[in-house]
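A short write-up of the structure that comes next.
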Protein chains: 2
Amino acid sequence: MSKTKETSTNFENKQLLIQCCSEVYAIEMISGQWILSILYGLVGGKLRYGELRKRIPEITERMLTLQLRKLESNGLVKRTVYAEVPPRVEYELTPSALKLTPILKQLKDWGEQHKEVME
Amino acid sequence: MSKTKETSTNFENKQLLIQCCSEVYAIEMISGQWILSILYGLVGGKLRYGELRKRIPEITERMLTLQLRKLESNGLVKRTVYAEVPPRVEYELTPSALKLTPILKQLKDWGEQHKEVME
DNA sequence: CAGCATCCCAGGTGATACTG
DNA sequence: CAGTATCACCTGGGATGCTG
């Protein structure tokens, strides 16, 4: 670390922005090509890794794993590992993530209105 | 086009997602390192390019221009060019963009709550 | 079953210099 | 004043193959 001066400066700016502006922080969390697909996949209840994968056929294993880890570390998804053979891992939304859904609904409504305005 | 098979497929998927899910479309619009800074810079009313730049000292001219064009083509910002010397260009939020602000407020509130939950 | 490791390319972004 | 052009870098994400 502390190698690339400008990059680290930028990173610090971004971190600062995320810390002071909670909306930036929130948007960071729901940004990313797969985040919403995963969130929506889980609104129905907990799912195993393989089940989740079937609901999002286009995603690669790599990205599903990466994004789930991101969601987990962001506190939007809870990951439960069962000490069994064969292994079983279940994912579910946290209460916090569930509170996000009405806001997503509003974004959807805004988006639809905005599309109409646009032509 | 039609060169890289997988990439174009992916692009199509993404476009499809944006078209069918208006929340994805909305999130796309407010995602990006500078979008919110610019939006917030303009909530007070119209500003000239240079004035806007002073409000966001860290942004480069290149990025300010690019992001403003993105916002313009997305219908969030209106750009007005005055045929004068020296040139004058003013930017202002569209009504649609203004409707977004309460939703951003909610995202902010959620973000703050979520931060508290997180430790 | 539920991942991780590796390689690789495309696109986004910064720095810098130039222009109508 | 309000941009555009060019180069160069870094990260995100895909493909593929391996493992506890």
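The sequence lines fix the lettering, A, B, ..., with proteins before strands; numbering per chain opens at 1.
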Item checked: side chain to side chain contact (heavy atoms under 4.5 Å, CB included), paired with A/Leu66, selected from A/Arg69, A/Lys70, A/Met63 -> A/Met63

Check: Think B/Trp34 has a side-chain N or O under 4.0 angstrom from the OP1 or OP2 of C/dG12?
Finding: no

Margin query: For the CZ atom on B/Arg79, are there more than 12 heavy atoms of other groups (residues, nucleotides or ligands in this structure) within a distance under 6.0 Å?
Written below: yes

Check: So is A/Lys46 actually on top of A/Tyr91's ring, under 6.0 Å and inside 45° of the axis?
Finding: no

Item checked: Distance in angstrom units between A/Glu72 CD and C/dA2 P, rounded -> 15 Å

Checklist line | Between C/dG11 (C1') and B/Met63 (CE): distance, integer Å | finding: 11 Å

Margin query: Is any side-chain heavy atom of B/Val89 closer than 4.5 Å to one of B/Arg48?
Written below: no

Item checked: Distance, rounded to the nearest Å, where B/Leu64 contributes CG and C/dG14 contributes C1' -> 14 Å

Note to self: Just the rounded figure in Å: distance from P of D/dC10 to CD of B/Gln33.
What the structure shows: 16 Å

Notebook entry, point to check: B/Lys70 NZ to C/dG11 C1': how many Å, rounded?
Noted result: 13 Å

Check: Within this structure, what is the CD-to-P distance between B/Glu61 and C/dT19, rounded to whole angstrom?
Finding: 15 Å

Margin query: By the 4.0 Å heavy-atom rule, please label A/Gln67 as base, sugar-phosphate, or nothing.
Written below: sugar-phosphate

Check: Contact class for B/Tyr91 (heavy atom, under 4.0 Å): base, sugar-phosphate, or nothing?
Finding: sugar-phosphate

Next item on the list: Would you kindly compare B/Glu51 and A/Thr60 by the position of their nearest DNA chain D nucleotide and give the one closer to the 5′ end?
Entry: B/Glu51

Checklist line | Distance in angstrom units between A/Arg69 CZ and D/dG13 P, rounded | finding: 17 Å

Next item on the list: State whether A/Arg53 and A/Glu61 are salt-bridged, where the test is any N-O pair (Lys NZ or Arg NE/NH1/NH2 against Asp/Glu carboxylate O) under 4.0 Å.
Entry: yes

Notebook entry, point to check: Is the shortest side-chain N/O distance from A/Arg48 to OP1 or OP2 of C/dG3 below 4.0 Å?
Noted result: no

Margin query: If you assign A/Pro87 and A/Ile59 each to the DNA chain D nucleotide with the nearest heavy atom, which residue ends up on the more 5' nucleotide?
Written below: A/Ile59

Margin query: Is there, by distance only and without an angle test, a donor paired with an acceptor across the side chain of A/Arg62 and the base of D/dG13 below 3.5 Å?
Written below: yes

Notebook entry, point to check: Rounded to the nearest Å, what distance is computed from the CD atom of residue B/Glu90 to the P atom of nucleotide D/dA2?
Noted result: 9 Å

